[in-house]
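Structure, as structure tokens:
Just so you know, residue 1 is the first one in the sequence shown, and it goes up from there. The figures here come from the full heavy-atom set of this structure, side chains too, leaving out hydrogens, waters and symmetry mates.
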Amino acid sequence: QARSAMEEGFGLWANPSSPHGEGRKARAALEGARERIKAALGWTGELIFTSGASEAAALALGRAKGGRRFVSAVEHDCVLHAAPDADLLPVLADGQLDLVALVEAIGADRPVVEVQQVNSETSNRQPIEPIHQRVSDAGGLLIADCAQGAGKLAIPQCDMAMIAAHKFGGPIGIGALLVRDFAMLEPSGGHERGYRRGTENLPGALGMAAALEACSESYLDEDALRAFAAFESECRSAGGTPLSDRLSDPTPYIRAIAMPNLSATAQVMRFDMAGIAVSQGSACSSGTMKTSRVLDAMGVEPEIAANTIRVSLGWNTTRAEVERFAETWLEMARP
């Protein structure tokens with residue numbers, strides 16, 4: 001669906017900001033995609049197209065009207081780069097943000113707080129609504145990183161949300177910042193109502209809308225999910241450690257799993273040789289082959305963290321692929 005929509009977009013592409021007829025036609029298609037995405041997400045506020053969630057994070061944290069920035073200690077790297085001077089908020093051993101520490105830290109000086117809806121490494125879901133209430137009570141704004149949740153989970157109650165199309169089967173290179181009210185952001189001039197510079201990506205926007213609408217029917221193969229649940233039981237019997245056992249609210253489509261007696265670095269290489277793609281940490285930082293700072297922030301034992309890989313199930317993951325992964329993992333875990 002996304003590929004077909006993008007082909008349509010390439011066929012009618014012109015600069016959507018141009019005043020001539022072709023530009024106006026492109027503008028109409030762009031605005032149609034914007035409204036379709038908002039409708040699919042159930043978002044009644046504004047939507048600014050970006051190149052992805054990383055740009056959305058930079059826009060939100062860099063231009064939100066408010067005071068000091070706060071982010072949780074388990075956020076994606078793009079968030080830490082977007083707000084390098086932000087105060088880090090601690091999480092508990094189960095991955096949940098420490099709400100007591102949150103209230104103590106933010107005070108009442110219009111804080112800008114950013115928290116992931118779903119952690120990209122562990123799959124843990126944060127209690128966004130209670131967090132939003134506490135931030136609102138302090139007169140602040142809450143930014144939710146919904147890159148791992150959009151298309152699978154409802155957008156939570158928040159003031160801004162970041163999403164990326166490729167996380168729900170759409171094209172790479174496009175995402176959005178959802179904003180409850182433009183008054184919450186300082187404008188920067190240029191396109192997107194003056195809040196983002198750069199020519200809009202019309203084919204990407206159409207592909208994003210089509211993918212999101214397709215997700216509303218069904219995102220994950222239920223047979224694949226059941227196969228993975230069965231694998232986790234075998235994993236425990238083989239001495240493995242599914243991190244979901246200690247999380248407060250794990251989601252089913254991302255799993256962090258530790259294998260006994262084999263480092264995550266070695267696992268990634270051996271799975272790759274078997275034609276199976278897994279990661280050590282988030283995909284954006286896995287190339288470093290370092291132990292995850294997210295697991296360190298949760299207090300995961302070093303010997304467990306060093307042997308933990310991330311496994312993600314996508315919209316096109318099949319039961320057969322999950323079973324092949326399970327067989328390979330169990331064979332590698334045997335002494």
Working for side-chain contact (heavy atoms from CB on, under 4.5 Å), residues Q157 and I128: CA-CA 7 Å; Q157 186 178 13; I128 297 295; 5.6 Å; no
Side-chain ion pair, R3 and E7, N-O less than 4.0 Å: no
Min side-chain heavy-atom separation F182-I48 under 4.5 Å: yes
Minimum heavy-atom distance G151-L212, with the two atoms named: CA-CD1, 3.8 Å
Which atom of F49 lies closest to which atom of I37, heavy atoms considered: CE2-CD1, 3.6 Å
Carboxylate-amine/guanidinium contact E31 R34, below 4.0 Å: yes
R27 (side chain) donor-acceptor with P16 (main chain) under 3.5 angstrom: yes
Residues, nucleotides or ligands: over 12 heavy atoms within 6.0 Å of L92 CG: yes
Shared hydrophobic cluster for I106 and V71 (ILVMFWY, side-chain gaps under 4.5 Å): no
Lys/Arg-Asp/Glu bridge criterion (N-O < 4.0 Å) met for R196, E55: yes
Heavy-atom pair with the smallest gap, counting every atom of G240 and W329: CA-CH2, 3.8 Å
Check: Q117 and Q148 side chains under 4.5 Å, non-hydrogen atoms: no
Trace of the side-chain contact (heavy atoms from CB on, under 4.5 Å) decision for V113 with L141: CA-CA 6 Å; V113 179; L141 299 175; over 6 Å; no
Stepwise salt bridge (Lys or Arg N to Asp or Glu O under 4.0 Å) test for R68 and D87: CA-CA 8 Å; R68 188 157 185 79; D87 289 350; 2.8 Å; yes
Lys/Arg N to Asp/Glu carboxylate O, K38 vs E35, below 4.0 Å: yes
Contact summary for G207 and A2, nearest pair of heavy atoms: O-CB, 3.5 Å
Shortest non-hydrogen contact from N124 toward P250: OD1-N, 3.8 Å
pair L47-V179: side-chain heavy atoms closer than 4.5 Å: no
Residues K65, L185; criterion side-chain contact (heavy atoms from CB on, under 4.5 Å); working and verdict: CA-CA 6 Å; K65 294 179 180 178; L185 279 177; 5.9 Å; no
same_hphob_cluster(I257, V278) at 4.5 Å side-chain heavy-atom cutoff: yes
Between CD on residue Q116 and CD on residue E114, distance to nearest 0.5 Å: 7.0 Å
Student check: side-chain heavy atoms of D223 and F228 closer than 4.5 Å: no
Cationic N near anionic O, under 4.0 Å, R193 to E200: no
Heavy-atom pair with the smallest gap, counting every atom of H132 and C158: CD2-CA, 3.7 Å
Geometric cation-pi criterion, K152 with F168: 6.0 Å, 45°: no
Donor on one side chain, acceptor on other, D221 and T317, under 3.5 Å: no
Beyond-backbone contact of D98 with V91, side-chain heavy atoms, under 4.5 angstrom: no
Close side-chain approach of P242 to R255, heavy-atom, < 4.5 Å: no
Polar side chain donor-acceptor pair, E121 to S292, under 3.5 angstrom: yes
Linked, directly or transitively: V112 and L102 (ILVMFWY side chains, under 4.5 Å): no
Side chains of D137 and Q133, donor plus acceptor under 3.5 Å: yes
Single-linkage hydrophobic cluster, 4.5 Å side-chain cutoff, M332 and I304 together: no
Side chains of F70 and L88 in contact at under 4.5 Å (non-hydrogen atoms): no
Ionic contact status for R270 with E331, cut-off 4.0 Å: no
Electrostatic pair D94:R246 at N-O distance under 4.0 angstrom: no
Cluster check F325, I254: I/L/V/M/F/W/Y, side chain < 4.5 angstrom: yes
Student check: side-chain heavy atoms of Q96 and R125 closer than 4.5 Å: no
Distance-only side-chain donor-acceptor flag, S72 / E75, under 3.5 Å: yes
Lys/Arg-Asp/Glu bridge criterion (N-O < 4.0 Å) met for D85, R69: no
